[in-house]
Q: 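Mind having a look at this structure? Questions to follow.
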Amino acid sequence: MINALQSLEAYLGPEYQGILIRSEEPWKIAVVRGPHPVASIPLTLTEREQLSQMLYGPHMRRSLVYFRLALRQAHMAAGHAPTD
């Protein structure tokens, strides 16, 4: 399974935003471009715990850079090599 951090790399432009969806299992990141959803990225337990700790107001739209930073920290905390 490809982790969420790798999945987000397909959406690098500033026009993409994310919303943490906690009302469904598994939790996911909804990637949106303007008013249109473009992807749904499921999260592992470790990923969702890290995002819950780092993202206040999880229902808010925010730049995907915040999701990438939080997931990168979770990835490194799990003992994996940093990804660029």
Side-chain angles (χ1 to χ4, degrees):
M1 182 170 112
I2 297 174
N3 69 34
L5 183 57
Q6 289 175 322
S7 297
L8 284 174
E9 295 304 316
Y11 308 99
L12 293 176
E15 67 273 13
Y16 294 105
Q17 295 183 313
I19 303 168
L20 180 60
I21 306 295
R22 301 186 312 176
S23 60
E24 302 174 13
E25 287 293 334
W27 287 12
K28 62 187 118 202
I29 299 171
V31 178
V32 294
R33 183 176 182 183
H36 306 289
V38 294
S40 175
I41 300 171
L43 301 170
T44 65
L45 182 59
T46 302
E47 291 168 338
R48 68 193 249 181
E49 287 174 355
Q50 184 68 22
L51 288 174
S52 292
Q53 292 175 14
M54 297 199 61
L55 298 178
Y56 299 103
H59 59 283
M60 296 171 40
R61 284 179 120 175
R62 64 189 82 228
S63 171
L64 290 180
V65 70
Y66 295 108
F67 291 94
R68 281 196 279 285
L69 288 172
L71 291 169
R72 188 169 285 127
Q73 287 183 352
H75 190 73
M76 291 185 336
H80 300 288
T83 58
D84 294 323

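Below, all heavy atoms of this structure are taken into account, side chains as well, without hydrogens, waters or symmetry copies. Since we're looking at a predicted model, the values are computed, not measured.
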Q: Do Phe67 and Met54 share a hydrophobic cluster, counting only Ile, Leu, Val, Met, Phe, Trp and Tyr and linking them when any side-chain heavy atoms are less than 4.5 Å apart?
A: no
Q: Just how far is it from atom CD of Gln73 to atom CG of Leu51, taken to the nearest 0.5 Å?
A: 10.5 Å
Q: Roughly how far apart are Arg72 CZ and Gln50 CD, rounded to 0.5 Å?
A: 12.5 Å
Q: Which distance, rounded to the nearest 0.5 Å, do you find between the CZ of Arg62 and the CD1 of Ile19?
A: 9.5 Å
Q: Below 4.5 Å, heavy atoms only, C-beta onward: do Thr44 and Asn3 meet side chain to side chain?
A: no
Q: Among the clusters formed by ILVMFWY side chains lying less than 4.5 Å apart, do Tyr11 and Val65 turn up in the same one?
A: yes
Q: If you round to the nearest 0.5 Å, how far is CG of Leu64 from CD of Glu15?
A: 9.5 Å
Q: Any link between Leu43 and Val38 through a network of hydrophobic side chains (Ile, Leu, Val, Met, Phe, Trp, Tyr) touching at under 4.5 Å?
A: yes
Q: Within a 6.0 Å radius of atom OH on Tyr66, are there more than 12 heavy atoms belonging to other residues, nucleotides or ligands?
A: no
Q: Rounded to the nearest 0.5 Å, what's the gap from CD1 on Ile41 to CD on Glu47? Could you check?
A: 9.5 Å
Q: At their closest point, which heavy atom of Pro42 faces which heavy atom of Ala4, and how far apart are they?
A: O-CB, 4.2 Å
Q: Please answer: with hydrophobic residues joined when any side-chain heavy atoms are less than 4.5 Å apart, are Leu71 and Leu69 in the same cluster?
A: yes
